[in-house]
4 protein chains.
Amino acid sequence: MIIVTRPGVTEDELDEIRERVESLGLRTHVSKGENRQIIGCIGDEERLSSLPLLGLRGVEAVHPVMRPYKLASREFSANLTRIPLADHTLGGSSTVVIAGPCSVEGEGMALETAGTVQSAGASAFRGGAFKPRTSPYSFQGLEEEGLEILARVRRVTGLPVITEVMDTRHVEAVAGHVDVLQVGARNMQNFALLREVGRVHRPVLLKRGMSATVKDLLLAAEYVMQQGNMQVILCERGIRTFERATRNTFDVGAIPVLKEESHLPVVADPSHAAGRRALVPPLAFAAVAAGADGLMVEVHPRPEEALSDGEQSLDFAQFRALMRDLVPFAAAAGRPVATTANPSRQ
Amino acid sequence: MIIVTRPGVTEDELDEIRERVESLGLRTHVSKGENRQIIGCIGDEERLSSLPLLGLRGVEAVHPVMRPYKLASREFSANLTRIPLADHTLGGSSTVVIAGPCSVEGEGMALETAGTVQSAGASAFRGGAFKPRTSPYSFQGLEEEGLEILARVRRVTGLPVITEVMDTRHVEAVAGHVDVLQVGARNMQNFALLREVGRVHRPVLLKRGMSATVKDLLLAAEYVMQQGNMQVILCERGIRTFERATRNTFDVGAIPVLKEESHLPVVADPSHAAGRRALVPPLAFAAVAAGADGLMVEVHPRPEEALSDGEQSLDFAQFRALMRDLVPFAAAAGRPVATTANPSRQ
Amino acid sequence: MIIVTRPGVTEDELDEIRERVESLGLRTHVSKGENRQIIGCIGDEERLSSLPLLGLRGVEAVHPVMRPYKLASREFSANLTRIPLADHTLGGSSTVVIAGPCSVEGEGMALETAGTVQSAGASAFRGGAFKPRTSPYSFQGLEEEGLEILARVRRVTGLPVITEVMDTRHVEAVAGHVDVLQVGARNMQNFALLREVGRVHRPVLLKRGMSATVKDLLLAAEYVMQQGNMQVILCERGIRTFERATRNTFDVGAIPVLKEESHLPVVADPSHAAGRRALVPPLAFAAVAAGADGLMVEVHPRPEEALSDGEQSLDFAQFRALMRDLVPFAAAAGRPVATTANPSRQ
Amino acid sequence: MIIVTRPGVTEDELDEIRERVESLGLRTHVSKGENRQIIGCIGDEERLSSLPLLGLRGVEAVHPVMRPYKLASREFSANLTRIPLADHTLGGSSTVVIAGPCSVEGEGMALETAGTVQSAGASAFRGGAFKPRTSPYSFQGLEEEGLEILARVRRVTGLPVITEVMDTRHVEAVAGHVDVLQVGARNMQNFALLREVGRVHRPVLLKRGMSATVKDLLLAAEYVMQQGNMQVILCERGIRTFERATRNTFDVGAIPVLKEESHLPVVADPSHAAGRRALVPPLAFAAVAAGADGLMVEVHPRPEEALSDGEQSLDFAQFRALMRDLVPFAAAAGRPVATTANPSRQ
């Protein structure tokens, strides 16, 4: 931590600042400038987090030196985290595609979609059982029945399955039915939920909140990891800005920043960022070109009849075209599209 | 709902759009423009919410006509919602001030603060037992012990008490100890929590999320109200923008907009918006000038030792000065500061 | 300037950084941390502005210590800048109201409006001759003819007149006709224009750009002042955020921040922030409550016929009501509304 | 234009709205809803632009039906605009790379950089002579001398040259020295400048403003085109959001949206979006993957000595690597990198 004093700080004020810092076990080192003093605080910066330094008389600015996240940072782990998803690995040398409908609307549509995305090259299946909807009057998901259907999709296709969990009380049940737990954008700072998914033995896909900085996202991952679950997948899905031409503003630059800052794998959700299907392929290609480890794409057998997110869901033909066109981009990025090792399962 | 077609829409496409809308029980009415057609959909707009209209061939734009929230809207209730807080009423003819520390750090400091803010004119006490902190390494609150302390503050001072609830599993316990449940900005779209607080018999203070529009905030209120709890207090606490000179950007304009759109009372939290104590009074005065029904202000006996939000907490002298200077602004707004009816309690 | 090195910086890298800084005439002072080094740079920070410090090997972060603006800062001038506007002073002990139509549409409407706002208590008249319109198909102003009308309003009413200048080639002509030159939000970083208005002997009202931080606004003022014109008025008029319920998000918190940081007077433009007339009064009151020195309000004899900004213009009765209701807020702020010293002029 | 009335609009109010609209030569068509009326306005929507519809009694909402831009829209031109740049064409079947230093700092460095980027495959040279700097204390460019150097680079290398113009008074001189005029992000709504560059016979590269929507950018292009200059190149360079991990947030989704909406070519500036050189390649690849017609990249012989934007400038080796790695992405996008037709010129 670096503390910059106000111009004309008194010796007494300076002493008080140093005493407060040193009382927490850190050392201080003062550089005297022409007007202001610079106080370097050496030692465990975390201990200062409870001290309202900016509120002390004589303090003008405070600059952290260390990253506020530890377990999620590159400094913590020299090796990239790799997350096995059945035959494939997220965070490794291939591009992994997760696909499926926004909501599980029934067993038939779920199995039909899973079979199709699997044969088109997807490595995992997504589908919502509990749906976070902005309006209470929108379809809220099939809930427990949806979980049963997901478990069945998993058995029938062999595809790993991912679904969102929204309530601390459901974590155990969801973890009993699926392979990966998703924490949605609206719950990225639901710290009770983060702690709860940190206690299960399932990878967690953590979506970036609409107003979350990269740092906030990594601190949310830290909440999960601090409970012992190191299998966190970060997901860029667009942030909220003044621009409304797209549903969200896809922050493609966050992908290389996250890869620099963290050892955790990064996937992109072009569907939510785009908000309409014509924009899904360009955003998907951009994400892979920028270094994403994988994609999560919404696919529906008949998007015009979807109970949620129909505008941004690809139909089967569009998804097959996406997978075909993705191949050279993934190759250019040095991370070819993962393909199903055991096609006989289909 | 108004549907605008693409230029050159075919008769078949037009028929399909109309059929889809009419199959849901609405009527359609077409205005033929020079290039595009305008389709007015007459009837219960809510039924269209599941239809991905923008995904239909031939559709260029869709404009809702009705508000997506109902129970929270002015059209639903001609009368303003008034929420009794012991001797005072939030949403009535006076300005109600809620004050107290960010976190309850112990019984002594809680009682000391409550007594002081009460004698300075506050009508309710706030204090956090469960704290949502961006970093898992920050102080997380005294939890159950904090609730016990709050209950004791309530008994000793007679002040109504408000505290945040973060987990669906805690709703019942929190409701058993305090008068008003707060849902924090980070949980504004934690729909599981919204539904749960909608089922208790306690007013809910709902803070606007950092990236929530006014519409999103009212839809979050709708989630609570739809479960039967109509006692919702809306709270403007700043939104996240590109500006970092203040912790958040206090959206003072949202206050009159919320008052226009909704019958629910609106309070402002200048402390979180400001992020530092020097800015708390001007934001508090601005909020009242813009029509807020009340304020929620962070106060701490020794802000320089606070375990959270010390930078933005007022000390006792500063809070007394705020209350004194607030008087003419509240009078100018036609809503004088509520003062304790029964000072003998102090 | 404080430079923080990367963990594991080498001695050679450290030496290179220090040499580069010292070659510009500053001294360096190193605090050795556990992983990183902190280099305090002592001396004229401005000289470092051309050095791409973040691009040097071994540098992780750079924190400026001094404000990047000088002439505009509180440190430069202990006295608040006061700008005389005929009988009144902006930046002094009273609240100054500037009012008039968005565009000057003709001599009759200009004189009618000026007379009305003057008798209602406005201290200056605003009116656009050159209009910056988002669409080239919108009304662009009466241009030179508008300037002539403004000069006539000035002669007839005695009111100081303010108008926008958009082109470096017009600065001299505009300065010949009016009392205060306005630089609009869209030109806040039109540096050629800033320099040009810095060379005339007229106060400059500088509107904050839609995506300008407080720091950017003060640096724009610095451009004007650096040319010798110290008479700059800062204007908060709303910033662009994700929220569309108001035309812009009125950043009321910027007002006290600007007053802390700078000696320049601050006015608020509630009309552009609001975007519709019902919101103008609450934002005006909020601005004054937060410490604004003045207001600039759009008024039109028949807003429903206005050629620009009709939605947000007050009619005469609404403006009179605003001025009446403003009185107690301005008094509460300790800065009563300036009233015309010489009513016989009316 | 579609007008939605308030609930309970009176017949008189409805008549007044219709009369106002019809008096401008449009027809109206009313759909009666259960509470509100929907008025479709048929005819030349542009004529309504001066009418403050939202200010009329009885009007609740107004929805435009047509695009506010015409010349820039896809509906105006079935053919994509192609802009010849010496041997190559921007907006055609290849990816065009423009490269060079932020500022022209001298003839030697300009020629050295131009030769290098040309041999690495760039099709045009960029370099600033007039620099828009946030601080008046930063290097402002070599101005006229810079223009002379650019003209010399052009003669020596045969590369087309692009530079920014900031002042209406300089447009003619700049157009006399270079091939393409750039309007910077800070001047995107400097309408006087837009009109002036609309009158010269040179292509204009128009950078998106930091808070400009896609619509605003297209309206700015419309200003240029309305003066007769149809050779406009749109440039995405990042927008300002709450995220500070990158200098700006690169809005990669704007690229396919602009390609859908307009026939104008779209280039991306990854350097300004990124703000640091390590992020330039991933953003460049993402832009091309999303459909950009070209890239504009900052390159400097010795970035650590650059007078501006050193942090985000690539050195020669980094630029060569970028060009090499770009090849498969451009091929995947179906738009191979343009290569110099006549290498003997080098």
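A note on names: the letters A, B, ... follow the listed sequences, proteins ahead of strands, and every chain is numbered from 1.
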Interchain contact, [X] with chain B, by part (heavy-atom threshold 4.5 Å):
X: T213(C); value: both
X: R276(C); value: side chain
X: A212(C); value: backbone
X: I239(C); value: side chain

Task: Spatial distance of atom CG (D251(C)) from atom OG1 (T246(B)) [nearest 0.5 Å] - done: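 Result: 5.5 Å between the selected atoms.
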
Task: Pairing of R208(C) and E243(B) as salt bridge, 4.0 angstrom limit - done: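 Salt bridge between R208(C) and E243(B), a charged N being under 4.0 Å from a carboxylate O: yes.
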
Open item on the list: One pair to check against side chain to side chain contact (heavy atoms under 4.5 Å, CB included): F242(B) and T241(C). What are the steps and the verdict?
Closed with: CA-CA 8 Å; F242(B) 63 83; T241(C) 72; 5.5 Å; no

TODO: Sort by residue number and list every member of residues 322-332 of chain C having a non-hydrogen atom under 4.5 Å from chain B.
DONE: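 From residues 322-332 of chain C, the residues near chain B are P328(C), F329(C), A332(C).
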
Open item on the list: Test: salt bridge (Lys or Arg N to Asp or Glu O under 4.0 Å). Region: residues 63-74 of chain C. Which pairs qualify, not counting sequence neighbours?
Closed with: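 Qualifying pairs, neighbours excluded: E60(A)-R67(C), E46(C)-K70(C), R67(C)-E261(C).
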
TODO: Between chain C and each of A254(B), A333(B), A273(B), count heavy-atom pairs under 4.5 Å; write down the option with the most.
DONE: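 Most heavy-atom pairs under 4.5 Å with chain C: A333(B).
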
TODO: Evaluate the side-chain proximity of V252(C) to L283(B): yes if any heavy-atom separation is below 4.5 Å, no if none is.
DONE: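 Result yes, sub-4.5 Å side-chain heavy-atom pair found.
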
Open item on the list: Below 4.5 Å, heavy-atom pairs only: which of K215(C), E260(C), R244(C) has the largest tally toward chain B?
Closed with: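 Most heavy-atom pairs under 4.5 Å with chain B: E260(C).
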
Open item on the list: I'd like to know which of L279(C), V288(C), N248(C) tops the heavy-atom pair count under 4.5 Å against chain B.
Closed with: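 Highest number of pairs under 4.5 Å: L279(C).
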
Open item on the list: Ignoring hydrogens, what is the shortest heavy-atom contact between V257(B) and A245(C)? Give both atom names and the distance.
Closed with: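 Taking every non-hydrogen atom into account, CG1-CB, 4.1 Å.
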
